[in-house]
2 protein chains.
Amino acid sequence: MAISNSNNRFSSKLTSQCQNCSLSALCLPIALADEDVNRLDQIIERKRPLKKGELLFHQGEEFDSVFAVRTGTLKTFNITNSGEEQITGFYCPSELVGLSGIDENHYPVSAKALETTTVCEIPFSHLEQLSSQIPSLKHQLFRLMSRKICDDQQMMVLLGKKNADEKVASFLLNLSHRFKKRGYSATAFRLSMSRGEIGNYLGLAVETVSRVMTRFQKNGLIDVDGKEISIIDMAEMEKLVGASSECANIEHV
Amino acid sequence: MAISNSNNRFSSKLTSQCQNCSLSALCLPIALADEDVNRLDQIIERKRPLKKGELLFHQGEEFDSVFAVRTGTLKTFNITNSGEEQITGFYCPSELVGLSGIDENHYPVSAKALETTTVCEIPFSHLEQLSSQIPSLKHQLFRLMSRKICDDQQMMVLLGKKNADEKVASFLLNLSHRFKKRGYSATAFRLSMSRGEIGNYLGLAVETVSRVMTRFQKNGLIDVDGKEISIIDMAEMEKLVGASSECANIEHV
DNA sequence: CTCAACAATTGATCTATATCAGCAAGCTAA
DNA sequence: TTAGCTTGCTGATATAGATCAATTGTTGAG
């Protein structure tokens, strides 16, 4: 089954899609020579879009690929023994999902589309092989995984030490940075996740998320209109986040 | 100073220390052919022991090596803007510290010895080079980083969703597993960190850690004598941890 | 051995956030 | 259109765990 399916792996032979992709400066191809981008391009499968709510992979499934988000958003989550969902991350365009599956050869989480979402599937065994031949690709992979470790540790600090205000502010600014990096507005954007999902991710009750956002709006920090967010007072928001966004800070040095 | 000191980089030429190391089955050399272990061995520096409280590297310092703990224990931590310490991890023998520095080429955390500790320094540029020549070493590195991502995400679940009892139980069982893996008792061990450090790590006040442990003891779950811990009722402890230790579970499949 | 500094425990409050409950506004399907 | 869901907001109350404070135990320097 995987065999017949994998024919479209070669559909990219005609032209390098990676080179035309607006995300290539952020995704894996960063700092690759043209010919290397082509080689990477050859191993990538473009999948049909996922509709909102569809799973990209599910917890326990055998690992064989990592995925780069092209459009849309994904969330990854665990189902705990008690049956509740615990969201471990949101993934925006240019970001890589599935790296946590390498170790045990099974995905330890599920990945679900929050809206219509397209991804590039990158079979990991091919990627690993190719990375032997292209040192800068290998380095890029190490860097991406290292950044993920760094980011997750910042998230641990957030969950362990921050109060509700700081959590919500951190979350919004984090999204803001990610939009900015892709060339979108850092101050006005649309949340693709529900309040419930934000709360779940931040370790807060839905009601708390709602209350904090309302208060932020009252105090002129942000403007909220359903899923549309505008950051009005960026300086004050940054002050709220304040402590310990080390990974981000170092980037600015 | 670092120069004169680094002469001992070559002390390993005489014989492969990795091959004699009791941790080689857990550390990087896992699944390497003998000749490859020797090549790895050549790039490793054995450093003088760190005394309790000494820093291995500090937040912001330029990244050039990862470190494998040989004996003792390390903690990694951030200093937040408000000046408080936030512990992001504890490292036991055979575990690798410093991977989070790859991305930005600076360590985003500090690493401090909790007791007298010896480490193997592995210059990352050498390791990366070597990994090009030894595919299984490269794979091992990917796996280690993937596992770290997986572990950190479990920690996020712990911090976001668990109550004090579950946090402390998870922490103790996690240590138990790590001791067991190295061939030590899974039920009786010594904590190398203070109650304050445990609380800091788990997002709890010292007092709460103390109270939970006392209650666990009263209820016959564990036996506490200062830093010495015995797990009496492993089944009940595991029930407490219960939900969502996915990475660990998959390992048992 | 002794004193000082620090680490751990225990008890008494306080508080941030969860939980419970009710309501309003959209959205979907018939 | 209306009934039935879902999502978000807000108020009232409950509670887990923080904070404050006092006591005891431990460690290590001289």
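What's counted below: heavy atoms across the whole structure, side chains too, no hydrogens, waters or symmetry copies. So you know, we letter chains A, B, ... as the sequences are listed, proteins then strands, and number each from 1.
Spacing between atom CZ of A/Arg215 and atom C1' of D/dT10 amounts to 13 Å, rounded to whole angstrom units. The interatomic distance linking A/Arg195 (CZ) with D/dT7 (P) rounds to 12 Å, in whole Å. With rounding to whole Å, B/Lys227 atom NZ is found 15 Å from C/dC6 atom P. Atom CD of B/Glu197 and atom P of C/dA8 are 8 Å apart (whole Å). One interatomic measurement links the two molecules: CD of A/Glu228 to P of C/dG26, which rounds to 14 Å at whole-angstrom precision. In this structure, the CD1 atom of B/Ile198 is 11 Å from the C1' atom of C/dA8, given to the nearest Å. Rounded to a whole Å, the CD atom of B/Gln217 is 15 Å from the P atom of C/dA8. Distance B/Glu166 CD to D/dA16 P: 12 Å, rounded to the nearest Å.
Taking the six-membered ring for Trp and the full ring otherwise, B/Tyr201 and B/Phe90 have centroids separated by under 6.0 Å.
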Set out, line by line, the N/O atom pairs under 3.5 Å between protein and nucleotides 12-15 of chain D.
none

Nucleotide N/O of nucleotides 23-29 of chain D paired with protein N/O under 3.5 Å:
none

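No side-chain heavy atom of A/Phe63 sits under 4.5 Å from any side-chain heavy atom of A/Pro108.
Defined by atom type and a distance below 3.5 Å, a donor-acceptor pair is missing between the side-chain atoms of B/Ser192 and B/Lys227. Looking at B/Thr88 and B/Thr76, their side chains do bring a donor and an acceptor atom within 3.5 Å of each other.
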Run the salt bridge (Lys or Arg N to Asp or Glu O under 4.0 Å) check on A/Asp152 and A/Lys148 step by step: do they pass?
CA-CA 6 Å; A/Asp152 285 351; A/Lys148 179 76 183 145; 3.3 Å; yes
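By the 4.0 Å N-to-carboxylate-O rule, B/Glu115 lies too far from B/Lys52 to be salt-bridged with it. Look at A/Glu166 and A/Lys239 and you find no salt bridge, because none of the NZ, NE, NH1 or NH2 atoms lies under 4.0 Å from a carboxylate O. Taking 4.0 Å as the cut-off between side-chain N and carboxylate O, A/Glu95 and A/Arg178 count as a salt-bridged pair. Salt bridge A/Lys112/A/Glu197: absent, no basic N to carboxylate O contact under 4.0 Å.
Across A/Gly199 and A/Val209, no two heavy atoms sit closer than the pair CA-CG2, 3.5 Å.
Residue B/Gly203 is classed as a sugar-phosphate contact, given heavy-atom separations below 4.0 Å to backbone atoms only. Using a 4.0 Å heavy-atom cutoff across all strands shown, A/Thr214 reaches sugar-phosphate atoms only and no base atom.
Side-chain atoms of B/Glu207 lie closest to D/dT19 of the nucleotides D/dT10, D/dT19, C/dA8. Checking C/dA8, C/dA18, D/dC9 against every side-chain atom of A/Ala205, the shortest atom distance belongs to C/dA18. The side chain of A/Thr208 lies closest to C/dA18, out of C/dA8, C/dA18, D/dA18.
Under the 30°/60° scheme for interplanar angles, the aromatic rings of A/Phe189 and A/Phe179 are found to lie parallel.
In the helix from C/dC1-D/dG30 to C/dA30-D/dT1, the end axes, each obtained as the rotation axis mapping the C1' atoms of four pairs onto the next four within a five-pair block, lie 50° apart to the nearest 10 degrees.
Of the candidates B/Leu74, B/Val109, B/Val119, B/Val66, B/Val97 forms a side chain to side chain contact (heavy atoms under 4.5 Å, CB included) with just one, namely B/Leu74.
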